[in-house]
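Below is one structure, written out as structure tokens, with a few remarks after it.
For clarity, every value in this text was computed on a predicted model and none was experimentally measured. Within every chain, numbering begins at 1; the chains are lettered A, B, ... in the order of the sequence lines, protein sequences first and strands thereafter.
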Amino acid sequence: MMIANATGDGVYQVVDQLGNTVVSGLKKPVILRNLVHVNDLPNEVLVTIFSNLDPIQLNKVRLVCKRWDFVMNDKQTWTNSFSLKFHTPRIFPSLSNSSNWITEYFTRLHYLKKWKKGIALHNSYQLYDSEYRSDDSYLTNFQVNNRLGRLMVFSKRFGNITSCTLKNGKAQSFIPGGITTAFEIVSHCLNPDYLLLGKMNGQVVYKNLSTANPYSTSSSTKLIRPEINEDSSPIMCIISNPGASAKYKHMDIISGSYRGSLEIRSLQGHLFKSFTLTNEIILNIASDFKKWVIINTNTHIHIIDLINLTIVKSFELGITIELGDTTSFSYYQTINESKNSLDVDFGDFNIVVCHVNTIKTYNFRDLNNILQRSLQLDNSKTIRRSTMQGVLPNRSGSSRNNNIVGSDGLLFANLLSDDSIIIWNIRSGNNEGSDIVPMTTIYPELNHGKSYHSLQHTLNVLNLPQITSISLNGLFIAVGGYSGVCRLYDVYTGLFVRDLTVKFPKTFRHMYEQVIPVSQIILNEDIDQANGIVVSGDSMQYFQFGEASLTSLNQNPKKSKRSQVNSKSLDTKNKIREQEEEYYSDIHSQNESRKLFEKFNGEEYNAEVENDDDISLAIALSESYHDSKVNSRANSQNQEDEDLQLALELSRIMHEESQNNSQVFD
Amino acid sequence: MARPKVTLVSSDGETFIVEQRVAERSITIKSAIEFAGVDGLTADIEIPLLIEGKVLKKVVEWCEHYKTTKFPEPDENQVDVLSRPPVLTKWDNKFFRLCFEQDMMFEIIMAANYLNINQLLHVGCTTVANMMKGNSTEQIRELFNVPNDFTPEEEAAIKREDRWTK
């Protein structure tokens, strides 16, 4: 029996049968019976109790006593606590990349607030080449250009490249294809400085984009891989090192052909090594350009060590890949559409392959023991899109760190043919043969507003899917439908968060008259920026959440007013400069096109002097000239408003400055 | 023939006669019954338990109340599926408030842990956690009668560790 002794001064202590003090320093007398105290509970029960608390509350509770503080350090407590608050599973991607759960907690709260409640800014703009975008590639950089960002679009159909500022679509520039007829291009790879094209006849063409411009195309292209007679099979895929520079001779380009020849080259075209995989068709290549190259052919996966340049492991894919009708005219292009997807998580050695209704992962951490996991969907469902989660910029390329909060998980999403989306974790569980268990399944409902019924009708008649594209980061998944409609869902709960886009302005009439799918959603990998772009047809919509609320919080009011004025006037100056540039380039292109019109519509046409480049340029220019007229009509209203605002801004700044000056004199 | 009954005997000799399905809410008792007869329970069985009579009475009361309810089975292998907090019913709240007033809260939780009644354990833990919510460190100490065994320096050190939470 326990006995409570009063030691005087109103402080009590509990002594056991042998007279040892069990608990001391009590302020209240303890009831004299076989009382079970909270600290008699075993640790795991305490963990269960604390798991029900908010991380903030946990921080208070850990100060109660030493034992509680000790129990609180148990990972399980925080994992469960997080699960209750954010609905995260045991393994999830961290947003703060910290091993401190409280840091993660606040980072998460901050991002959630910013994305959910942040003031939204939307900019809609159109690309002047006005092409219908189906299988184009997009390259974005959110950081450059004083945070205006840069967007590059390569249109595979026409071989053209358009680029503009990401935020508002200003300063557009256009590089016409010219170098090759479009159907010859089987594969391509776009980089800010260059473009690589893999052609039907086995050629690889390098196009320098920093020297290429609308007025000359021939000087900037280079044949990296000439046509080889023995192997003139099409280049099925080509990848390049995103950080490559033409100055150095590094292994920067990897290409794979239909007849299984794989080549590693430098940007200058120097061949480092080639492999031949007989009787195999190379479908996909992935590489971190440091150590690994992963190749997926129609039957196998090969792992190449980039340092020793040897194939270190080859194993069977375990999936049959249907490649379509070999006699078809566009056979090689069809392969690109029907082949499997390949994503590689180099940080944790996971290869993800998705095809028709199978998802398979292969873990190659131990090359002698490849661990496979899979998910087989019903026969009625097929996978339409597969996306790996965007990784925070400071974490891309680094290996998995189990110590950070949530054990550094990595999410993957698949859009299925029944318009549902499954999200699962690549890095959870490496048991051989275990199934992939989807963490979340979402059945998104998009709000197409007034046009809902007519759209549904069209979709039913044409048998088109409701959901056209997805994109995800560690927190949200963006789901796109038609006419720019795009919504944001929580990846853990699958609940609707907010509309990502707003309606396109009325001037974008085609958005309301045609069925235009959202072809691409790009979220900034830096979640803190809370911005991104949604592409539907030839129109883009840039979105940004909560930027304004942040900047106005920091300084004291007087100072901030001053700096605001300064930054505003700087912004205005930039705007003016940008518009000036745009104006001059417009004038220039108009002059050029007029000249060309006169040349080709005029009295004489000398075939010997002219070359193909000029013709294609003329066509492209006439197209863009025509489109820009259409666009300018569409934009004129906005333009006027903006001009007016600029003028107002300027006058206000002048006024304020003069006031400031007069204050100084007073 | 009437279904065989299970008799639970407390540490102080009190007996509780319950249906098999009520007793089998406890995984510990369930495995004891399985151990006794592979072909299932054929005759009445008596199981002695290291739990005080008044606590066992409460536990039996809880099991009787939920004898027809199906609780989701926890699966240790399903790491990807989120663990959801148990939902507290009005009856649960009342039950535990009474337990707390009679100073039996932690004894019930201990018993639930010992008898391996997962749902009761979780509901109990959630109740305790709910009592902690919204209270300061000092208030929690008073509520559960926990002495502060930190030296002021240690306490300050922990506070400093997460000073940015302020």
Side-chain angles (χ1 to χ4, degrees), chain A residues 13 23-28 30-31 33-42 44-54 56-57 59-69 79-80 83-84 87-91 100 102-103 105-106 424-425 428-429 431 434 436-440 492-493, chain B residues 11-12 52 55 75 77-86 88 103-114 118 121-151 154-156 158-159 161-162 164-166:
Chain A
Q13 63 180 25
V23 184
S24 62
L26 297 178
K27 288 191 178 138
K28 277 188 219 163
V30 179
I31 306 149
R33 50 181 214 83
N34 200 356
L35 183 82
V36 175
H37 191 261
V38 62
N39 270 348
D40 292 334
L41 297 173
E44 60 269 22
V45 176
L46 282 180
V47 167
T48 319
I49 293 178
F50 297 148
S51 307
N52 288 296
L53 294 169
D54 203 52
I56 292 281
Q57 193 69 36
N59 227 26
K60 284 183 195 161
V61 167
R62 65 185 289 198
L63 283 166
V64 166
C65 69
K66 276 184 183 164
R67 178 150 179 253
W68 289 25
D69 182 47
T79 315
N80 287 352
S83 171
L84 283 179
H87 306 280
T88 49
R90 193 170 62 84
I91 299 172
N100 188 340
I102 289 279
T103 312
Y105 175 78
F106 281 101
W424 51 280
N425 196 334
S428 77
N431 307 331
S434 70
I436 295 164
V437 185
M439 179 181 84
T440 325
Y492 301 109
T493 58
Chain B
S11 59
D12 46 1
E52 248 186 282
V55 179
D75 191 345
N77 303 324
Q78 298 276 4
V79 286
D80 292 317
V81 177
L82 316 175
S83 64
R84 301 245 178 246
L88 291 182
D103 276 320
M104 280 203 296
M105 187 86 202
F106 299 115
E107 283 167 68
I108 299 274
I109 292 173
M110 282 281 256
N113 190 40
Y114 164 65
N118 194 36
L121 177 67
H122 275 90
V123 171
C125 287
T126 310
T127 314
V128 176
N130 286 344
M131 288 160 72
M132 291 181 185
K133 275 179 196 165
N135 285 330
S136 72
T137 310
E138 192 52 46
Q139 280 166 331
I140 294 169
R141 278 191 202 127
E142 262 186 40
L143 185 64
F144 296 110
N145 215 349
V146 186
N148 181 6
D149 55 0
F150 284 116
T151 60
E154 283 170 334
E155 200 168 336
I158 293 179
K159 275 185 182 161
E161 217 174 276
D162 11 73
W164 42 264
T165 58
K166 298 288 169 295

> Which region of A:F50, side chain (C-beta onward) or backbone (N, CA, C, O), has a non-hydrogen atom less than 4.5 Å from a non-hydrogen atom of chain B, or is it both or neither?
Replying inline: side chain
>> Less than 4.5 Å to any heavy atom of chain B: does that hold for the side chain of A:W424, its backbone, both, or neither?
In response: neither
> At their closest point, which heavy atom of B:I109 faces which heavy atom of A:V45, and how far apart are they?
Replying inline: CG2-CG1, 3.4 Å
> What pair of heavy atoms forms the shortest contact from B:M110 to A:D40, and how long is it?
Replying inline: CE-O, 3.5 Å
>> Is there a side-chain contact between A:D69 and B:F150 in this structure, where contact means two heavy atoms from C-beta onward sitting under 4.5 Å apart?
In response: yes
> Is B:I140 close to A:Q57 at the side-chain level, that is, under 4.5 Å between some pair of heavy atoms?
Replying inline: yes
> Which pair of heavy atoms, one from B:E155 and one from A:L63, lies closest together, and at what distance?
Replying inline: CG-CD2, 3.8 Å
> So which heavy atom on B:N135 is nearest to which on A:K60, and how close?
Replying inline: O-CD, 3.6 Å
>> So, taking the atom named CG in B:N113 and the one named CD in A:E44, what distance separates them when rounded to the nearest 0.5 Å?
In response: 6.0 Å
> Using non-hydrogen atoms only, which part of B:S136 is less than 4.5 Å away from chain A: side chain, backbone, both, or neither?
Replying inline: backbone
> How close do A:C65 and B:V146 get, heavy atom to heavy atom, and via which atoms?
Replying inline: SG-CG1, 3.8 Å
> Is there side-chain contact between B:M132 and A:I49, with heavy atoms separated by less than 4.5 Å?
Replying inline: yes
> Among A:T440, A:L41, A:L46, which residue forms the greatest number of heavy-atom pairs with chain B at distances under 4.5 Å?
Replying inline: A:L41
